[in-house]
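Some notes on the structure that comes next.
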Amino acid sequence: PVQRAMDGLVKDGIVEGWPGRGSFLTKDLIERPRKLAQAGLIFYGSRHLFFSTAYLMEIFQGIMTKAEDLGVDVHIFSIKSEGRVTEKDIEASGVDGLLLLGVANDAYLAEVARGQLPMVVLDYRTLAVPCDCVAVENAGAAARVVEHLAGLGHRRIAYLDGFSTDTLQPGDPLIETSDVRERRDGYLESMRRLGLGSFITVFGIPPSGAQDAALAAAAHLARAPDAPTAVVTYDTGMARTLFAVLSQAGLRVPEQCSLAAVAGAGDAQLGALTCTHNRVRFAEMGRRGVELLAERRSSGRPNEPLAAPVGSDSVLGNTSAAPLQRTGKGA
């Protein structure tokens, strides 16, 4: 029986017999892990946006440094500049793994997932597609900002929402990404946990955009008798927009209203002031994305959506204690 088995292995070309020297394997019986050689980076916006936005460049820095460490080339696809990236485009490029940055469209992610390549989503968390998602740890970031303001004596703490657009749909409609939902939910949960649920105020983003949202918030802050004494914004960009509108309306920050943001990249200046916020480790997001993609190249995709949260560092800026209300009572 042993000889018959060996004869079969020789016939299949797996074993080669050498007279007087024995038998030797001619094929690997176990497939060796496949190495990531070229990653495709599919980006939701234009190349101009990509290379002119601070947090995106931090993510890209992380991607490129880790890619260089691992000997991986990176091919950039811009949805806004080049149009929808199809399976044919991906095949023609020769990439063997995909990073999708800021692509907040579950239908498109599912379409990409039907292909054979490993994929990792950056700066968005999908619950509908089995893949790795590397995104900001939003709930904790929002909680830290609300707790900081409450610790300064603020009770009337409002929230100014954020937004994104879906560049895969005609007209780039406004959408709620996972970041938008999770940061707002983090604010709401924190306010309720701190016993401030009755003071919840959320300024949403109308179809006309962020500027009109800031104008509506400023009007409320200027006129309402029980106006909030602090506002948490979705990110530092929204904080700058609101600060400009408040300054034009003659409302002083932070004397009349403190501003803080859930998250941001780099230094966040509001005129001569520094915005209190969580500085996200965006470069870490890029590095972790490449690491996961290299791992998935050999291990295969997960069977469910997996989250790899990226942390942040608290930056305490020019927030102040709660001012007196117009009635003369504490805020």
_Would you compute the distance between atom CZ of F43 and atom CG of L49 and round it to the nearest 0.5 angstrom?_
4.5 Å

*Cationic N near anionic O, under 4.0 Å, D172 to K80*: yes

*Return yes if some donor-acceptor pair links the side-chain N/O of R181 with the main-chain N/O of E176 below 3.5 Å, else return no.*
yes

*Hey, what do you get for CE (M285) to CZ (F60), rounding to the nearest 0.5 Å?*
15.5 Å

*Same cluster (ILVMFWY, side-chain, under 4.5 Å), M57 and L99*: yes

_Less than 4.5 Å apart, side chain to side chain, heavy atoms only: is that true for S81 and H48?_
no

_From CD (E91) to NZ (K88), nearest 0.5 Å_ = 9.5 Å

_Qualifying residues under side chain to side chain donor-acceptor pair (under 3.5 Å), relative to S208, sequence neighbours excluded_ = D212

*Looking at CG of L259 and CE of M238, how far apart are the two atoms once the value is rounded to the nearest 0.5 Å?*
11.0 Å

*Is there a path from F51 to V103 through hydrophobic residues (I, L, V, M, F, W, Y) whose side chains come within less than 4.5 Å of each other?*
yes

*asked:* Would you say S164 and T177 are linked by a side-chain donor-acceptor pair, where the criterion is simply a distance under 3.5 Å?
replied: no

*Is a side-chain N or O of H154 found less than 3.5 angstrom from the main chain of S320, in a donor-acceptor match?*
yes

*Smallest separation among heavy atoms of V145 and A260, with atom names*: CG1-CB, 3.6 Å

*Indicate yes or no for a side-chain donor-acceptor contact from R47 to the backbone of I76 under 3.5 Å, with no hydrogens or angles considered.*
yes

*Do you know which two heavy atoms are closest between Y187 and V202, and how far apart they sit?*
CE2-CG2, 3.9 Å

_Connected-component partners of L215 among ILVMFWY, side-chain separation under 4.5 Å_ = V245

*asked:* Hydrophobic clusters here meaning ILVMFWY residues chained together by side-chain heavy-atom distances under 4.5 Å, can you tell me if L306 and L101 are in one?
replied: no

*Under 3.5 Å, side chain of D96 to main-chain N/O of A37, donor-acceptor pair present?*
yes

_If the condition is side chain to side chain contact (heavy atoms under 4.5 Å, CB included), which residues does A141 pass it with, not counting sequence neighbours?_
R144, V262, N278, S312

*If you round to the nearest 0.5 Å, how far is CD of E82 from OG of S46?*
11.0 Å

*Tell me, do D179 and Y234 make a side-chain contact under 4.5 Å, heavy atoms counted?*
yes

_Heavy-atom side-chain contact between D226 and F199 under 4.5 Å_ = no

*Return the set of residues passing side chain to side chain donor-acceptor pair (under 3.5 Å) with Y124 (not counting sequence neighbours), or none when no residue passes.*
D106

*Looking at CD1 of I59 and CD of E284, how far apart are the two atoms once the value is rounded to the nearest 0.5 Å?*
11.5 Å

_Are the side chains of P309 and R125 in contact, using a 4.5 Å heavy-atom criterion?_
no

*Shared ILVMFWY cluster between L168 and V180, side chains joined below 4.5 angstrom?*
no

_Using every non-hydrogen atom in the two residues, find where A261 and T236 come nearest and quote the distance to one decimal._
CB-N, 3.7 Å

_Close side-chain approach of V136 to R183, heavy-atom, < 4.5 Å_ = yes

*asked:* Test of understanding: clusters of I, L, V, M, F, W, Y form through side-chain heavy atoms closer than 4.5 Å, transitively. Do I200 and L152 belong to the same one?
replied: no

_Under the rule for side chain to side chain contact (heavy atoms under 4.5 Å, CB included), what residues qualify as partners of E295, not counting sequence neighbours?_
R288, L292

*Which atoms form the tightest heavy-atom contact between G45 and S78, and what is the distance?*
O-OG, 2.6 Å

*asked:* On a heavy-atom basis, which atom in M191 and which in I157 lie closest, and how many Å separate them?
replied: CE-O, 3.5 Å

*For R301, enumerate each residue passing the salt bridge (charged side-chain N to carboxylate O under 4.0 Å, His left out) test, keeping only those at least two apart in sequence or located in another chain.*
none

*Tell me, do R114 and E111 make a side-chain contact under 4.5 Å, heavy atoms counted?*
yes

_V280 versus E58, closest heavy-atom pair with distance_ = O-OE1, 4.1 Å

*Flag the pair Y108 / L100 as yes when at least one side-chain heavy-atom distance between them is below 4.5 Å, and no otherwise.*
yes

*Distance-only, no hydrogens or angles: does the T319 side chain make a donor-acceptor pair with backbone N or O of S258 under 3.5 Å?*
no

